[in-house]
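Worth knowing before you read on, the calculation uses all heavy atoms, side chains too, and leaves out hydrogens, waters and symmetry mates.
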Amino acid sequence: MNMHATATYRIEPCRGCSGQCPHALPAPEGFTRSIDAAVAASGWPVFLNDACAPRPPRHHEQFRIAVACCANGCSRPHIADIGLIFSQRPAVPESCSGCGACIAACPDKALAPGPDGAPSLDHSRCLACGKCIAACPEGAMTVAESGCRFMVGGKLGRRPRLATELPGLLDPRLLPGRVSGWLEVFIAGYEPGLRFGDLVGRMGLERVLALSLEYTSSFAATNKNSEGGSAA
């Protein structure tokens with residue numbers, strides 16, 4: 001696993017992000033660099049260094065962003081401050097040959113034979129791993145939606161907490177703004193010793209999400225102005 005780490009944060013992509021895993025879904029080129037830039041734009045590195053001065057930030061105070069290219073989650077996104085899993089949700093065909101290749105390929109038993117031969121999908125069991133799409137020999141099983149599962153507030157330690165997954169899949173192009181927005185929420189509510197997951201639990205997910213989207217809008221507007229200025 002390649003890891004980008006500074007004194008204030010870590011970005012941990014799984015090896016599939018660099019094409020070294022047969023289970024990996026494709027990740028946009030340079031997306032870790034864009035997340036890295038978003039963390040810097042949020043002001044987090046300067047903020048945490050100042051908050052911890054005169055000592056350097058400790059390991060457990062670093063903000064951790066874990067990225068996985070499949071639902072196996074080798075980079076442990078479920079226990080990160082922000083976890084990302086690249087995903088593909090299938091569009092079940094109305095009719096097919098009924099060969100059963102997609103059903104056999106699904107590790108989560110989310111597909112079952114339907115009455116007309118085409119498979120039926122149990123959305124509650126589907127982890128959007130894309131294995132059924134890749135297994136279909138006829139190309140009948142297609143991608144209905146692709147993007148990232150986005151989860152926040154995971155941690156280990158004395159009182160571990162699994163991250164809370166937000167609904168839907170996020171367009172990877174929106175990741176930098178979302179990451180910056182969540183970090184700005186953490187900066188605003190930061191207290192020494194407080195983990196991001198603790199803040200999410202204290203404030204409530206809906207409130208934190210609403211605040212993060214406000215900061216995300218500011219990030220997008222700033223970037224748009226910067227791009228416009230440089231283009232001129």
Side-chain angles (χ1 to χ4, degrees), residues 4 6-13 27-28 30-52 57 60-68 77-87 89 128 145-155 161-232:
H4 173 84
T6 72
T8 58
Y9 67 96
R10 288 174 286 159
I11 300 175
E12 302 178 6
F31 81 95
T32 52
R33 291 194 300 272
S34 66
I35 294 176
D36 193 65
V39 175
S42 72
W44 172 256
V46 174
F47 172 83
L48 188 62
N49 277 320
D50 288 347
C52 295
H60 68 274
E61 293 170 323
Q62 295 177 351
F63 195 89
R64 180 171 172 261
I65 301 170
V67 186
H78 297 88
I79 53 172
D81 294 302
I82 289 180
L84 308 170
I85 303 177
F86 282 91
S87 307
R89 296 198 189 283
E145 183 185 12
S146 63
C148 284
R149 292 167 57 193
F150 194 104
M151 46 200 69
V152 297
K155 66 170 188 170
R161 181 185 193 275
L162 284 178
T164 301
E165 184 169 347
L166 304 183
L169 298 182
L170 182 66
D171 185 333
R173 292 173 295 184
L174 301 178
L175 282 175
R178 293 294 174 86
V179 168
S180 180
W182 284 96
L183 271 166
E184 291 196 52
V185 170
F186 192 25
I187 290 171
Y190 182 84
E191 296 175 9
L194 185 74
R195 296 290 298 275
F196 184 54
D198 298 327
L199 181 67
V200 173
R202 176 188 295 180
M203 295 180 62
L205 182 63
E206 290 187 5
R207 175 60 178 158
V208 178
L209 177 58
L211 286 172
S212 75
L213 291 176
E214 290 180 19
Y215 288 123
T216 298
S217 299
S218 300
F219 175 89
T222 300
N223 274 12
K224 185 176 181 180
N225 292 336
S226 297
E227 290 170 5
S230 59

Participant: In Å, rounded to the nearest 0.5 Å, how long is the span from CG of Asp198 to CE of Met203?
Facilitator: 13.0 Å
Participant: Hey, mind stepping through Phe196 and Leu183 against side-chain contact (heavy atoms from CB on, under 4.5 Å) and telling me if it holds?
Facilitator: CA-CA 9 Å; Phe196 184 54; Leu183 271 166; over 6 Å; no
Participant: Does any non-hydrogen side-chain atom of Met151 lie less than 4.5 Å from one of Leu162?
Facilitator: no
Participant: Mind listing the closest non-hydrogen atom pair of Pro45 and Val39 along with its distance?
Facilitator: CD-O, 3.5 Å
Participant: Answer yes if the ring centres of Phe31 and Phe86 are under 6.0 angstrom apart, and no otherwise.
Facilitator: yes
Participant: Which heavy-atom pair separates Arg178 from Phe150 by the least distance, and what is that distance?
Facilitator: CB-CE1, 4.0 Å
Participant: If I take atom CG from residue Asp171 and atom SG from residue Cys148, how far apart are they, to the nearest 0.5 angstrom?
Facilitator: 8.5 Å
Participant: Checking Glu191 now: which residues fulfil side-chain hydrogen bond (donor to acceptor under 3.5 Å, both in side chains) with it, not counting sequence neighbours?
Facilitator: Arg202
Participant: Any chance you could measure Tyr9, atom OH, to Trp44, atom CH2, to the nearest 0.5 Å?
Facilitator: 12.0 Å
Participant: Quick one, Leu170 with Leu84, criterion side-chain contact (heavy atoms from CB on, under 4.5 Å). Give me CA distance, side-chain angles, the key distance, then yes/no.
Facilitator: CA-CA 9 Å; Leu170 182 66; Leu84 308 170; 5.8 Å; no
Participant: Starting at OH of Tyr215, measure out to CZ of Phe186 and round the result to the nearest 0.5 Å.
Facilitator: 13.0 Å
Participant: Taking only residues two or more places apart in sequence, or in another chain, which ones meet Arg161 in a salt bridge (charged side-chain N to carboxylate O under 4.0 Å, His left out)?
Facilitator: none
Participant: Over all heavy atoms of both residues, which pair between Ser42 and Glu184 is shortest? Give the atoms and the distance, please.
Facilitator: O-CG, 3.9 Å
Participant: Under 3.5 Å, is there a donor-acceptor pair between the side chain of Asp81 and the main chain of Ile65?
Facilitator: no
Participant: Please determine whether side-chain contact (heavy atoms from CB on, under 4.5 Å) holds for the pair Leu209 and Val185, giving the CA-CA distance in whole Å, both sets of side-chain angles, and the decisive distance to 0.1 Å.
Facilitator: CA-CA 9 Å; Leu209 177 58; Val185 170; over 6 Å; no
Participant: Below 4.5 Å, heavy atoms only, C-beta onward: do Tyr190 and Leu199 meet side chain to side chain?
Facilitator: no
Participant: Could you pull out the closest heavy-atom pair between Ala7 and Gln62, with the gap in Å?
Facilitator: O-CG, 3.4 Å
Participant: Using atom types as modelled and distance alone, determine if a side-chain donor or acceptor of Ser180 lies under 3.5 Å from a backbone N or O of Gly177.
Facilitator: no
Participant: I'd like to check Trp182 versus Thr216 (side-chain heavy atoms, cut-off strictly below 4.5 Å). Are they in contact?
Facilitator: no
Participant: Minimum heavy-atom separation for Pro28 and Pro172, please, with both atom names.
Facilitator: CG-CB, 3.8 Å
Participant: Look up atom CZ in Arg64 and atom NZ in Lys155, then write down how far apart they are to the nearest 0.5 Å.
Facilitator: 14.0 Å
Participant: List the atom of Val208, the atom of Val200, and the distance in Å for their closest heavy-atom pair.
Facilitator: CG2-CA, 4.1 Å
Participant: How far does OG of Ser212 sit from CG of Leu166, to the nearest 0.5 angstrom?
Facilitator: 8.0 Å
Participant: Is a donor on one side and an acceptor on the other found under 3.5 Å between the side chain of Asp36 and the backbone of Thr32?
Facilitator: no
